[in-house]
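Remarks on the structure that follows.
Bear in mind the structure is a predicted one, so any value in this text is a computation, not a measurement. Order of listing sets the numbers, starting from 1, for every ligand and every atom in it. Along the sequence shown, the residues carry numbers beginning at 1.
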Amino acid sequence: MWQRFLSASSNIGVALVLAVFGINMACGDEGPLVKEESKVPPYTLPDPLITNDGKRITTADEWRNIRWPELMRLFETEVYGRAPAEKPKLSFKKTSEDDGALGGKAIRKEVTIDVSTKRGHVPLHLLLYVPKSKSPVPVMLGLNFHGNQVVCDDKGIALAKCWILNEDYLGITDHRANEKSRGSQTSNWQVEEVVKHGFAVATMCCGDIEPDSPAGLSQGVRTLFLRDGRTEPDADEWGAIGAWAWGLSRALDYLETDPQVNAKQVVVWGHSRLGKTALWAAATDPRFAIAISNNSGCGGAALSKRIFGETVGRINRAFPYWFCGNFHKYSQHEEILPVDQHELIALIAPRPVYVASATNDLWADPRGEFLSAKNAGPVYALFGKRGIDADDLPAPDRSIGDVIGYHLRTGNHETTAFDWQQYLAFAERHFSMTPVSATK
Ligand code: GCU
């Protein structure tokens, strides 16, 4: 039977043979899906400390003045795309405030950040929970997928009006938020716990900045910057991830005006595609004090040249609008990509970065995420900062590292209470705060 089946189609035959060895053939032209370590093809990582013309960087000053700008330019033109130099007009308007939120422990407020250029305007809706405090507090800022109302079970949060991803378990089928989704991601956001640790929570929906769909371009902030006569950005200009990261910087623009928070202690974090976004936001905006990537995978913390789980070809095919046009050159040709993702983390140096993976999240390549965090280390060392000493993935559920942190959590692709305990401890340590013990 195996023989008959194999001779019926050579493609199916190859797929079957590969499947036996832990490699699946995908439909399309992305090559085999590797899910086993022994099947990872050999690859070479670029050395972040070698300049484009082959010189070795040996000091923090050389890094800042020579290599950082070179690498930033490569990530801008080849991966995420450049954001426009043009400055939009911004206005901030508080639309609600309640000082009895979370049983009186926090102030909840909503602020509309209106972004405008001569081509129009886009309103961004920021939600904040600020712990009551005599002095300005640090902030955990992250984008959400399904509207601000999902992060906490609180009827006072305005239901998102923007385009959001459909989600069966929330009954969202028309890209619009519904009442049922209120508080549905409370366990992923841990708002009460974050506030208990003395941090404000700040969030807005990525769909507010730009809908996560190929048609999103014409409805989000990128459309505000299209040059006359153009309907899409050039091949080296920003994709949707670039736009979302830019939106995080606009949230930080607002935070700088809010006396209740300390805008010099803003942690930018994100899960999955929004983890990719958080890393890029921190790389491009030095005002972010700490970056956290939760299960960000391909195009985030995971190495691109290491072919395991999602690859450049797969991500470009499924989400052709996330990265810049030039990134498509590297689909199935990761070996010619002039950068890799450990260099994205290095661009954030010497600021603290935390990368987290999950054992079942093979699509995001936990080992590739670990190796990327580890291999950013030599750049941190230039600043006298320690990264990750371990040479191999740590045992699950153990946080390692110093200025670069890492853990591999047992479980699935999501953000959990365990992840938050590590992030809060990491930020408390780097902000020299007195750690608050975890609520069991
Ligand atoms: C898909 C995509 C990933 C992304 C994830 C998410 O799985 O392939 O790259 O990280 O969605 O954002 O949830």
ask   = Between Phe225 and Trp238, what is the ring plane arrangement, given parallel below 30°, perpendicular above 60°, and tilted in between?
value = perpendicular

inquiry  = Quick check on contacts: which atoms of ligand 1 are under 4.0 angstrom from a heavy atom of Ile315?
reply    = 9 (O)

inquiry  = Less than 4.0 angstrom from a charged side-chain N to a carboxylate O is my criterion; do Glu78 and Lys329 meet it?
reply    = yes

inquiry  = Suppose we measure from atom 13 (O) of ligand 1 to each protein heavy atom; which comes out shortest, and what is that distance?
reply    = Ser272 OG, 2.7 Å

request  = Please say whether more than 12 non-hydrogen atoms of neighbouring residues, nucleotides or ligands are located less than 6.0 Å from CG in Asp174.
outcome  = yes

query = Does Lys161 NZ have over 12 foreign heavy atoms under 6.0 Å away?
reply = no

request  = List the closest protein heavy-atom neighbour of atom 8 (O) of ligand 1: residue, atom name, distance to the nearest 0.1 Å.
outcome  = Glu310 OE2, 2.5 Å

query = What protein heavy atom is closest to atom 7 (O) of ligand 1, reported as residue, atom name and distance in Å?
reply = Trp363 NE1, 3.2 Å

query = Between Tyr423 and Trp269, how do the two ring planes meet: parallel, tilted or perpendicular, split at 30° and 60°?
reply = tilted

Test item, His413 contacting ligand 1 (heavy atom, 4.0 angstrom) = yes

note = Under 4.0 Å from one or more heavy atoms of Lys276, ligand 1 contributes atoms 3 (C), 4 (C), 9 (O), 10 (O)

request  = Could you list which atoms of ligand 1 come closer than 4.0 Å to a heavy atom of Trp322?
outcome  = 4 (C), 9 (O)

message = Closer than 4.0 angstrom, basic N to acidic O: yes or no for Glu179 and Arg182?
response = yes

Plane angle bin for Phe327 and Phe323 - parallel if under 30°, tilted between 30 and 60°, otherwise perpendicular = tilted

inquiry  = Does only the side chain of His271 get under 4.0 Å from ligand 1, or the backbone, or both, or neither? Count heavy atoms.
reply    = neither

ask   = So which protein heavy atom does atom 11 (O) of ligand 1 come closest to, and at what separation?
value = Arg273 NH2, 2.9 Å

request  = Using distance alone, determine whether Asn295 and ligand 1 share an N or O pair under 3.5 Å.
outcome  = no

